[in-house]
Amino acid sequence: MSNIKNQIVEEWIKLYTKELLNWCNFKINDLSQSEDLVQETFISAFENYDNFKGNSSPKTWLYKILNNKIIDFYRKNGRVELIRESMDLNDADNVANNLFDKKESWNRDSFNDTWGKSENLLDNLDFRNILALCLDDLPVNWKNAMLSKYILNRKSDEVCQELNITTSNYWQIIHRSKLLLKLCLENNWFKS
Amino acid sequence: MKMSCKEASLLVDKKISSDLSIKEWVSLKIHLSMCEMCSIYYKQSKIIDEAIKSRLKYLKYSSEVEINSLKERIKSKLNDLK
């Protein structure tokens, strides 16, 4: 039994180390710390293997462990303000829908048009950090789609297959994620 | 038939990430030429797109060799646990 466990966890190490590392590094922006956290993730997975019920994919489970490690890391470093909760899927849908009125035009009250013209935001570290936090707020599935697309550079059909969604579903998710990121940036960056 | 902003903004995000069909692109262009808000959304969404990519660009990455050595380190750590 324990031999099978070894083989499975070793297979996970082979398959998922790179993307877990990229994800962790994207979040904490510290490569050597990220390596440690990914290592700890696999050790936890190994030690708690019996708790893995197969209800979720191994990858989802590993991400969950890693995300907890990242939260612990923030706590230890007194950066609790960086701990974010994923939004509930229904809430996220509502927020995205509320950007439009009944005629499917933009809601003038919630549409912020004060940015996007000429700022040079891309070289701004704070802006990029806030954006990384905003990504964290997205519902888990949306975040996974966004990360597969941007961090892992996956093609849309690969992401669809991986997340078991249709192409039109995929574009809805990417689109709604972008709408929420717009709002999150407006609330956290452009207001301050 | 006239396209709504909801539909147009979806096409905007599709356009930023991939190719639209000619039909979709033409109808989006027409909408954008008449709709200031969607045109602004186009610019904002592009900035968000580029900002995510530029965050990635500024990160240090491990090389394949380093990733492989990390994999080996983790495996040997697990072997110590047994």
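Letters go in sequence order (proteins before strands), and every chain restarts at 1.
- Looking at Glu40(A), there are no atoms closer than 4.5 Å to chain B (heavy atoms on both sides), in backbone or side chain.
- Heavy atoms of Lys155(A) lying under 4.5 Å from chain B are absent altogether.
- For the pair Lys14(A) and Tyr16(A), the cation-pi test (distance below 6.0 Å, angle within 45°) is failed.
- For a residue to count as touching a neighbouring chain, one of its non-hydrogen atoms must lie under 4.5 Å from one of that chain's; by this rule Leu99(A) does not touch chain B.
- With a 4.5 Å cut-off on non-hydrogen atoms, Ile43(A) touches chain B through its backbone and its side chain both.
- Of the residues considered (Met37(B), Lys43(B), Glu36(B)), Met37(B) shows the highest number of contacts with chain A, using heavy-atom pairs under 4.5 Å.
- If you check the gamma sulfurs of Cys38(B) and Cys5(B), they are not less than 2.5 Å from each other.
- At a threshold of 4.0 Å, the pair Asp49(B)-Lys178(A) counts as salt-bridged, since one of the basic side-chain nitrogens sits closer than that to a carboxylate oxygen.
- Contact annotation for Phe100(A): only side-chain heavy atoms (C-beta onward) come within less than 4.5 Å of a heavy atom of chain B.
- Figure legend: Lys182(A) and Tyr41(B) shown without cation-pi pairing, the cationic atom not lying both under 6.0 angstrom from the six-membered ring centre and within 45 degrees of its axis.
- Remark: the backbone N or O of Asp109(A) is not paired with any side-chain donor or acceptor of Asn107(A) at under 3.5 angstrom.
- Both the backbone and the side chain of Ile13(A) come within contact range of chain B, each with at least one heavy atom under 4.5 Å from a heavy atom of that chain.
- In this structure, Leu37(A) is a member of the same hydrophobic cluster as Leu15(A), with clusters built from ILVMFWY side-chain heavy atoms closer than 4.5 Å.
- Only the side chain of Leu70(B) has a heavy atom closer than 4.5 Å to any heavy atom of chain A.
- Ranked by non-hydrogen atom pairs under 4.5 Å with chain B, the options Leu181(A), Leu131(A), Leu135(A) are led by Leu131(A).
- Top candidate by heavy-atom pairs under 4.5 Å with chain A, chosen from Ser18(B), Cys35(B), Ser17(B), is Ser17(B).
- When the candidates Asn129(A), Val9(A), Val38(A) are compared by the number of heavy-atom contacts under 4.5 Å with chain B, Asn129(A) comes out ahead.
- Interface remark: Leu21(A) contributes side-chain atoms only to the contact with chain B (heavy atom separation under 4.5 Å).
- Under the 30°/60° scheme for interplanar angles, the aromatic rings of Trp189(A) and Phe127(A) are found to stand perpendicular.
- Using a 3.5 Å distance cut-off with no hydrogens or angles, the side chains of Ser63(B) and Glu66(B) do pair a donor with an acceptor.
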